[in-house]
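Have a look at the structure below, then the notes.
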Amino acid sequence: MWQQARGLLLVAVAVASVVPDGAGAVAAGRCTTSTPVKAYDKCIALPTQGAALAWTYDARNATLDAAFTGSFISPSGWVAWGVNADAPAMTGARVLAAFSDPSTGALLALPFVLSQDVKLQASPLVSRPLDIPLLASSASLLAPARTVRDGARVTIAATIRLSPNRTRVHLVWNRGLYVQGYSPTIHPTDASDLASHATVDILTTATEASPIASTALQWLHGSLNALSWGLLLPVGAAVARYLRPCASTGPAWFYAHAAIQATGYTMGAAGFTLGLVMGAASPGVTYKLHRGLGIAAATAGSLQTLAVFFRPKTTNRYRKYWKSYHHLVGYGCVVVGVVNVFQGFEVMGLGASYWKLGYCLALATLIGACVALEVNAWVVFCRRQQEEKLMRREVEDVVVKDRAGAF
């Protein structure tokens, strides 16, 4: 969403619309100075959501006449924009949001101030007046749309007075799926949505926007992490758990476990590094939970790798403590990694995709195999315990008989 303070002024709100063929159309990646409201001197295509901004600036009295155009993503959704006096950010933004009146269905344009509590979702977003010198505002519906609907475009026009000699305006804009009462709910958190902000020089049209990591880089990051943290490392843990007790495998279980884990960790480290690269290239685009889980998984995996070089010999009295540490950190790394893979699907907008379904099937197959092997291991363990108990009884009976015969 967005921000503004007293010195920078902004905005008004608007209407929903589907752009007709002809003049006034604002397609994704294009802009026009001609709108149904008036003609403007300059325009730019904003970097995300197919949004655009047109304006006329009067330097004599620092007056900005502007019109923003965006699009709705649902009939019950909202579109809003605003400015930030200090940086292109959500917290503290002064914005206007357009959505349908839940009582009458008419299009509303209400002002909102986005505080830190709103960003953290600690309190609902409540409309209140903006502390800016808004000289005029208007809303116009672009034909042929008459109501808010998915894909309908919204134009937001306003005349505002900026602070003297301040021509760099930090813009923020976004859109959401739902409005609860008169309170817009949180917007989607795809990379393009989180990058919906820019700094525009209204004299030169120079635009500074946060870059978005390429789709190919995102897919490579997701694929490496899903295969490593989400599959290979759990498989490697299962190999050690269920093949080690089998005497017939000899040391093969250890080499298989080490090879799988080394491959998984290498791929996971590469995926983690790509995540850091994408984060550095996209300032302002953050996924706190996904990033935190990724750091935790990478840290645990690195500790496991380092622990291999400090493994005591089997005769060392500290070996049992090392094994407890190795098991605890290893299983923790597997759990955190798998959870973060699911979080990654949500970040990439693949929460209901066939990719996630395929991963779930693969993970379910592994879990099913582990359950079957675990049950078998306990059956074998109980059977051996019973056999050892019978053998002890037989030995005790033989000893008793020998002693009785000696007398």
Worksheet item: Should we count OH of Tyr325 as having more than 12 external heavy atoms under 6.0 Å?
Response: yes
Discussion item. A side-chain contact here means heavy atoms from C-beta on lying under 4.5 Å apart; do Leu363 and Val338 qualify?
Written reply: yes
Discussion item. Under the criterion side-chain contact (heavy atoms from CB on, under 4.5 Å), I'd like the reasoning laid out for Asn174 against Gln49: C-alpha separation, chi angles, the key distance, then a yes or no.
Written reply: CA-CA 8 Å; Asn174 228 305; Gln49 301 180 352; 3.0 Å; yes
Item to complete: Find the distance between CG (Leu108) and CG (Leu96) and round it off to the nearest 0.5 Å.
Response: 11.5 Å
Discussion item. For a 4.5 angstrom cut-off between non-hydrogen side-chain atoms, does Ile73 reach Pro188?
Written reply: yes
Worksheet entry | Leu243 and Phe254, any side-chain heavy atoms less than 4.5 Å apart | no
Practice prompt. May I ask you to check whether Tyr265 and Ser302 show a side-chain donor-acceptor distance below 3.5 Å?
Written response: yes
Fill in: Validation row: Arg175, Val154 side chains within 4.5 angstrom (heavy atoms)
no
Practice prompt. Determine the interplanar angle of the Trp322 and His326 rings, folded into 0 to 90°, and report it as parallel if under 30°, tilted if 30 to 60°, perpendicular if over 60°.
Written response: parallel
Worksheet item: Is Arg241 close to His257 at the side-chain level, that is, under 4.5 Å between some pair of heavy atoms?
Response: no
Item to complete: Report the distance from atom NE2 of His197 to atom CG of Leu46, rounding to the nearest 0.5 Å.
Response: 12.0 Å
Worksheet item: Crowded around Asn165 CG? As in, over 12 foreign heavy atoms under 6.0 Å?
Response: no
Worksheet entry | Side chains of Asn225 and Asn340 in contact at under 4.5 Å (non-hydrogen atoms) | no
Worksheet item: Step by step, would you call Val336 with Trp229 a side-chain contact (heavy atoms from CB on, under 4.5 Å)?
Response: CA-CA 8 Å; Val336 172; Trp229 306 107; over 6 Å; no
Response to the item:
Which of Val169, Asp41, Thr56 passes side chain to side chain contact (heavy atoms under 4.5 Å, CB included) with Ile202? It is Val169
Worksheet item: Stepwise, does the side-chain contact (heavy atoms from CB on, under 4.5 Å) test hold for Leu162 with Thr167?
Response: CA-CA 8 Å; Leu162 303 178; Thr167 60; 5.9 Å; no
Discussion item. Would you compute the distance between atom CD of Gln386 and atom NZ of Lys389 and round it to the nearest 0.5 angstrom?
Written reply: 6.0 Å
Fill in: Minimum heavy-atom distance His187-Asp193, with the two atoms named
ND1-CB, 4.3 Å
Worksheet item: Can you tell me if CZ on Arg319 sees more than 12 non-hydrogen neighbours from other groups inside 6.0 Å?
Response: yes
Worksheet item: With no hydrogens and no angle check, is any side-chain donor or acceptor of Tyr359 less than 3.5 Å from a backbone partner on Phe345?
Response: no
Discussion item. Under a 3.5 Å distance rule, please check whether Ser76 uses its side chain to pair with a backbone N or O of Leu177 as donor and acceptor.
Written reply: yes
Practice prompt. Looking only at non-hydrogen atoms, find the nearest pair between Leu64 and Trp55 and report the distance.
Written response: CD1-CD1, 3.6 Å
Discussion item. Check whether Thr159 reaches the backbone of Leu135 with its side chain - one donor and one acceptor, N or O, closer than 3.5 Å.
Written reply: no
Fill in: From CD (Gln304) to CG (Leu233), nearest 0.5 Å
9.5 Å
Worksheet item: Taking all non-hydrogen atoms of both residues, which atom of Thr91 and which atom of Asn84 are closest, and how far apart?
Response: O-ND2, 4.3 Å
Discussion item. Please determine whether the number of non-hydrogen atoms from other residues, nucleotides or ligands lying under 6.0 Å from atom OH of Tyr321 exceeds 12.
Written reply: no
Discussion item. Donor-acceptor pair, distance only, cut-off 3.5 Å: does the side chain of Trp78 make one with the backbone of Thr185?
Written reply: yes
Practice prompt. If the plane angle is over 60° it's perpendicular, under 30° parallel, otherwise tilted; pick one for Phe99 and Phe112.
Written response: tilted
Response to the item:
Value for CG (Leu171) from CD1 (Ile44), rounded to nearest 0.5 Å, stands at 6.5 Å
Fill in: Flag if over 12 foreign heavy atoms under 6.0 Å of CD, Gln180
no
Discussion item. Give me the atom names and distance for the closest heavy-atom approach of Cys333 to Ala300.
Written reply: CB-CB, 3.7 Å
Fill in: Any donor-acceptor N/O pair, Ser71 side chain to Ala152 backbone, under 3.5 Å
no
Worksheet item: Which word best sums up how the rings of Phe68 and Trp81 line up, parallel for under 30°, tilted for 30 to 60°, or perpendicular for over 60°?
Response: parallel
Worksheet item: What's the spacing between Gln261 CD and Thr266 OG1 if we round to 0.5 Å?
Response: 11.0 Å
Discussion item. How close do Leu125 and Ser183 get, counting heavy atoms only, and between which atoms?
Written reply: O-OG, 2.7 Å
Worksheet, complete the sentence: Heavy-atom closest pair (Ser228 atom, Leu224 atom, distance to 0.1 Å) is OG-O, 2.6 Å
Practice prompt. Using a 4.5 Å cut-off on heavy atoms from C-beta on, say whether the side chain of Glu374 contacts that of Tyr242.
Written response: yes
Worksheet item: Could you walk me through whether Tyr287 and Leu194 pass the side-chain contact (heavy atoms from CB on, under 4.5 Å) check?
Response: CA-CA 9 Å; Tyr287 303 95; Leu194 295 178; 3.4 Å; yes
